[in-house]
Number of protein chains: 2
Amino acid sequence: MSPRRSYDQYCSAARALDVVGDRWTLLIVRELLAGPRRYTDLHADLPGVSTDVLASRLKDMERDGLTTRRRLPPPGAAYVYELTGHGRELLSVLQALGEWGAPLLGDRRATDAVRAHWFALPLSRVLRDAGAGTGLVEVRLEEGEFHLWAGAEEGPVYGEGPAPEEPDARLTFDTATCVAVARGELSLPDAVREGRVEVRGEGALAKELREA
Amino acid sequence: MSPRRSYDQYCSAARALDVVGDRWTLLIVRELLAGPRRYTDLHADLPGVSTDVLASRLKDMERDGLTTRRRLPPPGAAYVYELTGHGRELLSVLQALGEWGAPLLGDRRATDAVRAHWFALPLSRVLRDAGAGTGLVEVRLEEGEFHLWAGAEEGPVYGEGPAPEEPDARLTFDTATCVAVARGELSLPDAVREGRVEVRGEGALAKELREA
DNA sequence: CCGGATCCGCTACGATACTG
DNA sequence: CAGTATCGTAGCGGATCCGG
């Protein structure tokens, strides 16, 4: 538990950094935007974070109203961490950071970890900017599979693995194409037109993506 | 100079945090959005930062292409630090952070430092959301005076002291009103209508603010 | 006075080991 | 599975000092 090292500045950006400025905090939020997660899952998808720092951050975040800790009902009783509404609103901060950081992404370094659902954040922005409407999208990459709710205003923004129900569209990418789209170098409609993305599904969202 | 403690994640938000995630970095950017600043000025407006951390951050930021260091011509020869275009684009990150942090602002604590130009960030967002157009605005508060360029896409976003040329509008606030507007609790047109903001000037921007 | 560099004590972080 | 305990290291804050 941190003794609250504050900037002590009457400025809303500084106040925000008092809460989310510590190392790992915003990346934990990024993970929790995928929905409720167990401690062990968080630790597995945040390579490099030590167990005590992760535990400490989760306590701080709960105290600050970013997350709640909940016990799942048996069977499989476990604790899960979940974003509150206030925590979920950090999505805009992560979007801004991700947009700014996109040109820095470059090629994947040998030391870089990757998780398929890390592409959900830039992809949801691409879908929003393309005016693709709302709906559940399932995405298949070489690195794995994830899904996202385009235009969702509550609940999880994305998640690992296949879509929990019949999606409105299914997209299949190769990594290079997904990276190019995520960086904004290649528009999604262009990628579809060039055959670099396979679009399946009969939902309105799938049709829009095919026709755009 | 930091030995580059990276998250080593192939994710654009994590890459951004590799560059701007260290303590003080984003607050230095906030200061430099006010235009070129000397080391001593930065140190004065960032109470709590130690001299070595400030020097180290400025070196890192220059290496990462966020800032440049320039010697002013005599008389008054001094070094000034200035944002590059890449650094200036962090404005959107600071806006998102500031918006998220606004509800946390609360009342000013006894330990809180204040600078008038820290209100420029939220105020420029208010002006943008009100569709107030572009122009130079001078703002007078009890804490001091600052100016901002509404809708500017290059150059400094705001600055301390009076406007460097004839402004398109002059606003005078009391602190409580400025805070309420900055937090989004009170719209700028409403504040004008209630007589809590004095609007002077004959520019288009001033007229819009009076009539809105 | 400006622009730092140096030193010192403290806290935060990262890695590993261990426990209910 | 979900953390706590321990320990070495790195980053931070405060003060002092120093060359231009």
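Please read these numbers as outputs of a predicted model, since none were measured by experiment. Chain identifiers are assigned alphabetically (A, B, ...) following the order of the sequence lines, protein sequences preceding nucleic acid strands; residue numbering begins at 1 within each chain. The figures here come from the full heavy-atom set of this structure, side chains too, leaving out hydrogens, waters and symmetry mates.
If you look at A:W118 and A:F146, their ring centroids are not closer than 6.0 Å.
Taking side-chain N and O atoms only, A:Y81 has a distance below 4.0 Å to OP1 or OP2 of D:dG3. For D:dG14, neither phosphate oxygen OP1 nor OP2 lies less than 4.0 angstrom from any side-chain nitrogen or oxygen of B:S50. Note on A:R69: a side-chain N or O is less than 4.0 Å away from OP1 or OP2 of D:dG3. The shortest distance between the side-chain N/O atoms of B:W24 and the OP1/OP2 oxygens of D:dG13 is below 4.0 Å. Within the structure, a side-chain polar atom (N or O) of A:K59 is placed less than 4.0 Å from OP1 or OP2 of D:dT4. For C:dG14, one of the phosphate oxygens OP1 or OP2 lies less than 4.0 angstrom from a side-chain nitrogen or oxygen of A:R23.
The nucleotide whose nearest atom lies closest to any side-chain atom of A:R57 is, among D:dC12, D:dA2, C:dA12, C:dA12. Which of C:dC13, D:dG13, C:dC2 sits closest to the side chain of B:R38 comes down to C:dC2. Out of D:dA5, D:dG13, C:dC13, the shortest distance to the side chain of A:T51 is found at D:dA5. When distances run from any side-chain atom of B:A78 to the nucleotides C:dG3, D:dG11, D:dG3, the shortest one goes to C:dG3.
What separates NE2 of A:H43 from P of C:dA17 is a distance of 14 Å, to the nearest Å. In this structure, CG of A:D45 is placed 16 Å from C1' of D:dA2, rounded to the nearest angstrom. Whole-Å rounding puts the B:R37 CZ to C:dG4 P distance at 16 Å. Distance CZ (B:R70) to P (C:dC2): 18 Å, rounded to an integer number of Å. For B:L46 and C:dG4, the CG to P distance is 15 Å, given to the nearest whole Å. Spacing between atom CG of B:D22 and atom P of D:dG11 amounts to 8 Å, rounded to whole angstrom units. To the nearest angstrom, P of D:dA10 lies 16 Å from CG of B:D60. Remark: P of D:dC12 and CG of B:L54 are 12 Å apart, rounded to the nearest angstrom.
Counting only distance, with no hydrogens or angles, the side chain of A:D18 and the backbone of A:Y7 share a donor-acceptor pair below 3.5 Å. A side-chain donor-acceptor contact under 3.5 Å links B:R108 to the backbone of B:D112. Distance alone, capped at 3.5 Å, is enough to place a donor-acceptor pair between the B:R15 side chain and the B:Q9 backbone.
Heavy-atom distances to DNA chain D give each of A:Y79 and A:D52 a nearest nucleotide, and the one nearer the 5′ end belongs to A:Y79. Toward the 5′ end of DNA chain D lies the nearest nucleotide of A:D41, the other residue of the pair A:Y7 and A:D41 mapping further downstream.
Electrostatic pairing of A:R115 and A:E143 does not count as a salt bridge here, judged by no charged N lying under 4.0 Å from a carboxylate O. Look at B:E99 and B:R125 and you find a salt bridge, because one of the NZ, NE, NH1 or NH2 atoms lies within 4.0 Å of a carboxylate O, short of that distance.
Residue-level contact check: A:Y39 touches the bases, meaning some heavy atom is under 4.0 Å from a base atom.
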